[in-house]
There are 2 protein chains.
Amino acid sequence: MGRTPPHPDSSQFDLQRVLEALVDPVRRSIVTQLDASGEDVACGGFDLPVSKSTATHHFTVLREAGLIRQYYVGTSRMNALRRAELDDVFPGLLDALVRAGRARPGHDEART
Amino acid sequence: MGRTPPHPDSSQFDLQRVLEALVDPVRRSIVTQLDASGEDVACGGFDLPVSKSTATHHFTVLREAGLIRQYYVGTSRMNALRRAELDDVFPGLLDALVRAGRARPGHDEART
DNA sequence: CCAGAAGTACGATGGCTGTCAAACTTCGAT
DNA sequence: ATCGAAGTTTGACAGCCATCGTACTTCTGG
């Protein structure tokens, strides 16, 4: 299992899938935190209001939609935002969402 | 019933709600068609792969999220994209989505 | 070698929501 | 005053998906 899980190529990105991934507040929070941090972040490094197993599920959905890239470092699973590829395929989308999340108090940013 | 139904003020727009509205392919198709047409369109003027009652449901969701404005003309219910207000509150979001829908073959544009 | 940390896998469950058909309401023409 | 067109309402139903706990796997540090 240790090895890197399957990631879609950017040529396979699908808008429907991406939106389904981003419509969940927890997942959007992950993307937002990742974007804000500017660095890759381990699963445990996020502030999420759900159990570990649920978090795993969300990371999987994000990965399969092509939003993040995951790789292992020791026992930690690191997560990287696939910004360049996303911007290439869906120009402006990520930025608009991140901006929107910042502007509106919204249900983003989990826990304190 | 004839009278205009309740519409949220742009100050009440909520990102979560907007995304929940736009994640459905049928609803996104409505928005896309509305954007492409440039004019207000009656409910019956859309090309949708669902029954009338389901369509009514989708229009309601879009209206309550603030994406469209609805008003009656005779027995027809007209739909207008609230573009300016949306652009104001969520800059770039609508454009990014419409562009993305055009670029990727995707599940948008219903029927032929 | 062992304990613990970091995740994953696996069911199970509950709630939401997209879908439809059928009956009803309104408005416009004829 | 009637018929049809355009939507709405209501209720039912099915499928999906976010969530959790528990058990399991792996890797690291002592």
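Protein chains get the first letters and strands the later ones, always in sequence-line order, with residue 1 at the start of each. All values below come from the heavy atoms of this structure, side chains included, with hydrogens, waters and symmetry mates left out.
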Check which hydrophobic residues are tied to B:Val61 through side-chain heavy-atom contacts below 4.5 Å, counting indirect links as well, and list them.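 For B:Val61, no cluster forms, as it stays isolated from other hydrophobic side chains.
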
Tracing side-chain links under 4.5 Å among I, L, V, M, F, W and Y, which residues wind up in one group with A:Val73?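 Same cluster as A:Val73: A:Tyr71, A:Met78.
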
Would you mind reading off the distance between [X] atom [atom1] and [N] atom [atom2], rounded to a whole angstrom?
| X | N | atom1 | atom2 | value |
| --- | --- | --- | --- | --- |
| A:Gln70 | C:dA6 | CD | C1' | 13 Å |
| A:Arg28 | D:dA18 | CZ | C1' | 15 Å |
| A:Tyr72 | D:dT28 | OH | C1' | 15 Å |
| A:Asp40 | C:dA6 | CG | C1' | 17 Å |
| A:Asn79 | C:dA6 | CG | P | 14 Å |
| A:Leu19 | D:dC17 | CG | P | 14 Å |
| A:Tyr71 | D:dT26 | OH | P | 22 Å |
| B:Met78 | C:dT26 | CE | P | 21 Å |

Examine distances only and state if a side-chain atom of [X] and a backbone atom of [Y] form a donor-acceptor pair shorter than 3.5 Å.
| X | Y | value |
| --- | --- | --- |
| B:Ser29 | B:Pro25 | no |
| A:His7 | A:Arg63 | no |
| A:Arg28 | A:Leu22 | yes |
| A:Gln33 | A:Asp47 | yes |

Heavy atoms only, 4.0 Å cut-off, all strands: where does B:Ala42 land among base, sugar-phosphate and nothing?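 Answer is sugar-phosphate: B:Ala42 comes under 4.0 Å of backbone atoms only.
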
Heavy atoms under 4.0 Å, any strand shown: does A:Ser76 hit a base, just sugar-phosphate, or nothing?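 Touches sugar-phosphate only.
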
Any donor-acceptor pair under 3.5 Å linking the side-chain atoms of B:Thr54 with those of B:Ser51?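 Yes, because at least one side-chain N or O of B:Ser51 sits under 3.5 Å from a partner of the opposite role on B:Thr54.
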
Scan for ring-ring contact (aromatic ring centres under 6.0 Å, His included) pairs involving residues 12-55 of chain B, sequence neighbours excluded, and state none if there are none.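 Every pair satisfying ring-ring contact (aromatic ring centres under 6.0 Å, His included) with a residue in residues 12-55 of chain B: B:Phe46-B:Phe59.
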
Should stems be defined as at least three consecutive Watson-Crick or G-U pairs with both distances under 3.5 angstrom, which of them involve DNA chain C?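 Counting only runs of 3 or more consecutive pairs, the stems involving DNA chain C are C:1-30 with D:1-30.
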
Under a 4.0 Å heavy-atom criterion, the protein footprint on nucleotides 18-24 of chain C, written with B, S and -, is SBBBB--

What pairs of residues pass the salt bridge (charged side-chain N to carboxylate O under 4.0 Å, His left out) test when at least one of them lies in residues 35-44 of chain A, not counting sequence neighbours?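 Matches after skipping sequence neighbours: A:Asp35-A:Arg83.
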
